[in-house]
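So the structure is just underneath, and the comments pick up after that.
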Amino acid sequence: MSGPGLPPAQQVVEDALTAARPGSDHCVVVVEESSEVEVRLANNTTTTSGSRHDRRVAVISIREVDGGMAAGVARRGGDVDVTDLVRVAEQDAAGSPPADDALPLLGPGDIGLSPAPGDGFDQPPALTDLSVLSGVLSGLSGAFARARGGDYVLAGFAEHRRTTRYLGTSTGLRLGHAQPDGALQLVARGAGGATSTWTGAGTAEFADVSVEVMEERLRDRLTWSARRLDRPAGRYEVLLPPEAVSDLMISLAYEASGRNAEDGRTVFSRPGGGTRVGDVLASVPFDLRSDPAEPGLECTPFVTATSSSADMSVFDNGLPLTRTDWIAGGRLHRLRYHRAGAARSTVEPAGFVSNLTLDVPGATGSVEDLVSRTERGLLLTCLWYIREVDPVTLLLTGLTRDGVYVVEDGRVTGATNNFRFNESPVDLLARVTEVGASGRALGREYGEYLNRTRMPPLRIPDFNMSSVSRAS
Amino acid sequence: MPAAPPPGPLGADRLGAARDAALGEAHRLGCSHTELRVERIRAQQVRLRDGRPEGATDDTELGMGVRVVVDGAMGFAATVATGAADAAQLVVEAVEAARVIARAGGDRVELAPEPGHGTINWVAPHDLDPVDVPLADKVALLGEWSGRLLSAPSVDHATAEVLAVTEDKYYADLAGTEATQRRVRVHPVVEALALDPDGGFESMRTVAPPVGRGWEYLSGEGWDWDAELEQLPDLLAAKVRAPSVEAGSYDLVIDPTNLWLAIHESIGHATELDRALGYEAAYAGTSFATFDQLGTLRYGSEVMQVTADRTTPYGLATVAVDDEGVPGRSFDLVRDGVLVGYQLDRSIAATSGSGASNGCAYADSPLHVPIQRMANVSLRPAVGDDPTSGDLIGGVERGIYIVGDKSWSIDMQRYNFQFTGQRFYRIEGGRLAGQVRDVAYQATTTEFWGSMEAVGGRSTYLLGGAFNCGKGQPGQVAPVSHGCPSVVVRGVRVLNTRHESGR
C-alpha cells in the first residue's frame, strides 16, 4: 500500500513530469515517503506512542534564461496537486536569475547505477509499524519493574522509520531507494536525580538491540556513581567514548564545505587563499570517510537534492554517491562540492552521504581497554549542547552529560561532576595519543540527524574542561 | 486585526467532514479526550551569497494529527492525507498506540479539565502575507541589501537570507472547542564577512529579531533596516581592528539583542514543568528549578520580573488558543526574583496538581504530538522610559557592553551557560571605549540573575526571539519570542575564545 488516500509515488513522479511544460525546460521530481513509529518513556513509564505517514513531493523546474539556466523549487506534503506544484516551480524558475550551480541534468547514460532487485524506482514504499518495537516494549516492562526495585528511574526513546526516495527527471532517470533508521536511547537517573547515565544505539531493524544488555550497562555505571569525587575545571586526560567522538566528527564533517573554505570562512581555509586540502591534520593516520556501501551503514547511493546550497545542487540529482575520504592517512583529503563548484575548482564533486566513519587501520581495543591503560583520567559518557564558538578554529563548546567517571590506576574509581568544554575537533585529532577499534556509535546530540556513524574511542591528553557544570 | 475570518488549512466542508468522522469514531471507541488538528504550513527560504541566489525553497506541509486518551492511556497518529475516512482511521491508530503503551506498563494519563470554548477565529495582525510575495521580489530586495554591504571596502563577502512562514491551523476537540487560526512570521538576516590577510576572518550580522509580522517588516515596519545596513560595514571594520579581550571578571551591560537568548535558555526552558518533573530527561533535560522550590527559589535579584505570555503582540508563540484547546494568557514565572510559576500543558497540570493548564501545549507540525512548549517569556523593563542604555553604561566603571547573539550553549539542568555575541564594547569610566573581540561569557543561572543590578526602562525594550527552539522526541522545532530591556549584571566571567582554543 502507499499510505492512506495517496496515489502511488511513481504516478506522482510521472504526472509531474507530464505536467511540466514541453520545450527547452527540464524538470526533476523527488518524492520522499516515510513511515515512522515511536515510543517515549520517562519516570519508569511509557509516556507517548505515535505513528505517522509522511510524503513530501519536490518539483524542480529548470528553465533556460538569459545567460544560463535558472531553477525553481516547490515542495509540498501529502496528496499533492502536481499540476499546481509544477506551475509554482516554473514561476519561481522564471523569476530567478541564472543559477551559479547550473549544469545539464544527468541522464541514464551518465549513471552507472544498477539498482538491486526490489530496491529500484518500481518498489512500493517501505512501511513500518509498532510491531518493530515489540521486543523493546516487552523488554521495557521488565526494565521498569527492575528500576523501581533498584531505586533508579528510566527515561528514553525508541523510534523506527523507513524512508523511500523516488527520483525522476525529464532526462529519463528513474531511481528509488529505501532506507531504514532506528534508535533506542535509555537514561537512568539515580535516586534524587544526583546521578545519571545514558546509553544509546543506532539500528536498522532492532534485531541487534537488547534492552537487557543496555540496562545492564546503565546499572554498572550507576554503581560507579556510588562514589562521588569532585573535580575542578582544568585540562584533563580524557577518554572519549565512540558516542562522544561521533558528535565531534559530525560537527567537523559538517564544516567540510569546499566553497566556504575557498571563500576563507572556515577552519579548512588556507590563510591568504585556497583550502587546506593536503595538510596533515592528525597525529595518527586517521581515515574519515562517507560511503553509501559501508557495511552495516548502507544508505542512499545517489543525490536527492531539493534545494541548492554552497555545496549541494538541485542540478546534481541522481549523481551517484561513492566512497569519499574526507581525511586520509591523517591528511585533509576532500571537501564537499557540487558538480559546478567542483568544475570551477578543478576537483571531483563530493556530496552529502548519510553516514560517517572514523578509523585507523589496525587499531584495536575498546574504551574499557583504554581505561585499563590509564593512570589518571576522566572517562566520559556523551556530550551535549555542542555549538560553534569560533569558526576560525572550529572551537566548539558543550557539556559532558550523564556520567563523567574518574579513572585511577587502570580502573574507574568513582563519578565526578559535569563540565563545560571548549575544544576544536580539528585540534583534538592533532592531539590524540591513543585510538581504539571503531564500532557503530550513536551520537547523543547529532545522532538525531546522522544515525549511521562508526567511531573509535580516543585518548586526549589535555582536554579543556573550561568550567564545572552543577547539572547531574 | 483584520475582520475577515482566517482561511483555514482546507475548505470548511472538508474540515467539518474530518471533524465529524474523527470525533464520531472517538465517541464510538470510548475516548475520554480527542483532539483533531489539520494544518497547512507554508515555509519559504531564500538565500543569496555575494548578491547571487544560492538556494530557495518553497515548502507546504499539509496534514492532520489525532491525539486520544482512552482508558487512561494516550496515543497519537498522524498522516498527510486529509479525507474524512483518513481522520476516522487516525483515531483507530491512535487508540491502538494508546493500547500498546498501556500493555507495556504505562501509568494512567490524566488531562487537566478544560471547558469547551465554542468557535474561535483568529488571525495574527499583518498587512502582507509573507509567503505571497513573489520570489523575484524577495531576491531583488536581498540583492539590493547585499549590494550595499559589498560596496563597502571593509566587506569581502555578504550573505542575505529570509525565512517566511504562514501557518493555518484548524483544531477541534470532544469538549466542543473549534478553532481556526492563522499565524505569520519572518526572519531576515544579512551577514558581512571580512578576511584577515594573515589568516582568519571576522563576521557581523544584522541583529534585527525574527517577528510575528508580515512582509511589511522588511519595508521598515518595526525595524530600521536602512540604518542597520548602513552601520554594519563600519562596525565590522572596527571589530577587525579591535584588540582581543583580556579574560577576567567584568560588569556587563547586555543589550536585548543578546539577552533574549539568555532568558530563553536559562529561564524559558528551566520553568517548563514537564522538564522539572523529568519528562524530558532523555532529551532536552531536566531543570535545576525543581517543583518543590515553587514560591521559594531565589532565581535572581529583586529587579527580576519575568512573565510568560501567549498573547504578546507580534510574538512568535502568540496564539488565541493552544493545541489542547486552552486559550492563550499571560502569567508570572518570576516575581521580585522568586520563582512563582511554571509553564504547563494539561497532562502536566493534572500530574502536578496545578489546576488548569496555562496554555503552553503545541506541536510544530500536524504530524507531531503536542507537548509542553514555551510561551513568549519576557523580562519586564523598569517603569517609564528610564534608565536608558546610556544611563546603564554610565554606571559601570570597567565592563563590556554586548550586542547581538551568536553562539549559545547551556547544560541539561540549565545551570551553566556560555554565550558569545555580534559585537562587544569595552566600558571604561562609564563610557564606551571601542570594540574588543573574542568574547564569551560564562555563568551559572542563579548567580547571573542574582547579580543583575538594574534593568533598563521601556526605551531599551525589544522583543527578540528565534525560529529554532528544539525540544521533544521526535524532535520538534518551534518559534518563540522574548522581550527584555538592557540590563547591568555585575562580576561575570569573560573568556577569550582564542585562548580557550589553546592559541
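Naming convention: chains lettered A, B, ... in sequence-line order (proteins, then strands); numbering from 1 in each chain.
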Less than 4.5 Å to any heavy atom of chain A: does that hold for the side chain of Pro134(B), its backbone, both, or neither?
neither
Checking heavy atoms, do the side chain of Val468(A), its backbone, both or neither come under 4.5 Å from chain B?
backbone
Residue among Leu396(A), Val80(A), Asp263(A), Asp390(A) with most heavy-atom pairs under 4.5 Å to chain B:
Asp263(A)
For Asn464(A), is it the side chain, the backbone, both, or neither that has a heavy atom closer than 4.5 Å to a heavy atom of chain B?
side chain
Measure Thr286(B) against the heavy atoms of chain A and call it side chain, backbone, both or neither at under 4.5 Å.
side chain
Just give me the residue among Gln442(B), Met74(B), Arg67(B), His368(B) that pairs up with chain A most often, heavy atom to heavy atom, under 4.5 Å.
Gln442(B)
If one checks every heavy atom of Asp50(B) against chain A at 4.5 Å, the contacting part turns out to be side chain
Ser472(A) versus chain B, heavy atoms under 4.5 Å apart: side chain, backbone, both or neither?
both
Which bit of Leu137(A) is near chain B, if near means a heavy-atom gap under 4.5 Å: side chain, backbone, both or neither?
both
Does any backbone or side-chain atom of Ala89(A) lie under 4.5 Å from a heavy atom of chain B? Answer side chain, backbone, both or neither.
neither
Toward chain A, the part of Phe288(B) with a non-hydrogen atom under 4.5 Å:
neither
With a 4.5 angstrom heavy-atom cut-off, could you sort out which part of Asp462(A) is near chain B: side chain, backbone, both or neither?
neither
Under 4.5 Å to a heavy atom of chain A? For Thr159(B) that would be side chain
Quick check on the interface: out of Asp79(A), Val314(A), Val73(A), Thr393(A), who has the most heavy-atom pairs with chain B under 4.5 Å?
Thr393(A)
Between Glu61(B) and Arg56(A), does any NZ, NE, NH1 or NH2 come within less than 4.0 Å of an OD or OE carboxylate oxygen?
yes
Pick one of side chain, backbone, both or neither for Ser203(B), based on which atoms fall under 4.5 Å of a heavy atom in chain A.
neither
In terms of the angle between their ring planes, are Trp408(B) and Tyr385(A) parallel, tilted or perpendicular, with boundaries placed at 30° and 60°?
perpendicular
Non-hydrogen atoms of chain A under 4.5 Å away: do they reach the side chain of Leu195(B), the backbone, both or neither?
side chain
Against chain B, label Arg470(A) side chain, backbone, both or neither, depending on which of its atoms sit under 4.5 Å from a heavy atom there.
both
Heavy-atom proximity to chain A below 4.5 Å, by part of Phe76(B):
both
Where on Arg503(B) is there a heavy atom nearer than 4.5 Å to chain A: the side chain, the backbone, both, or neither?
side chain
Is it the side chain or the backbone of Ile101(B) that comes within 4.5 Å of chain A heavy atoms, both, or neither?
both
Side chain / backbone / both / neither for Val187(A) at chain B, heavy atoms under 4.5 Å:
side chain
Proximal component of Asp427(A), with respect to chain B [non-hydrogen, under 4.5 Å]:
side chain
Chain B contact via Arg189(A) - which portion, at a heavy-atom distance below 4.5 Å:
side chain
Counting only heavy atoms closer than 4.5 Å, note whether Ile410(B) contacts chain A via side chain, backbone, both or neither.
both
At a 4.5 Å cut-off on heavy atoms, which part of Phe419(B) comes close to chain A: side chain, backbone, both, or neither?
neither
Look at Arg259(A), Gln185(A), Gln91(A) and state which one has the largest set of heavy-atom pairs under 4.5 Å with chain B.
Arg259(A)
Pick from Ala284(B), Ala282(B), Gly472(B) with the largest number of heavy-atom pairs that fall under 4.5 Å of chain A
Ala282(B)
For the residue pair Gln473(B) and Gly156(A), what are the closest heavy atoms and their distance?
OE1-O, 4.3 Å
Heavy-atom distances under 4.5 Å only: say whether Thr420(B) touches chain A with side chain, backbone, both or neither.
side chain
Side chain, backbone, both or neither: which part of Arg493(B) has a heavy atom under 4.5 Å from chain A?
side chain
Need one label for Arg444(A): side chain, backbone, both or neither, based on atoms under 4.5 Å from any heavy atom in chain B.
side chain
Side chain, backbone, both or neither of Ser467(A) within contact of chain B (heavy atoms, under 4.5 Å)
both
Taking Val267(A)'s backbone N and O only, do any of them form a donor-acceptor pair with Arg276(A)'s side chain (distance below 3.5 Å, no angle check)?
yes
So which part of Thr47(A) gets closer than 4.5 Å to some heavy atom of chain B, the side chain, the backbone, both or neither?
both
For Glu423(A), is it the side chain, the backbone, both or neither that has a heavy atom under 4.5 Å from a heavy atom of chain B?
neither
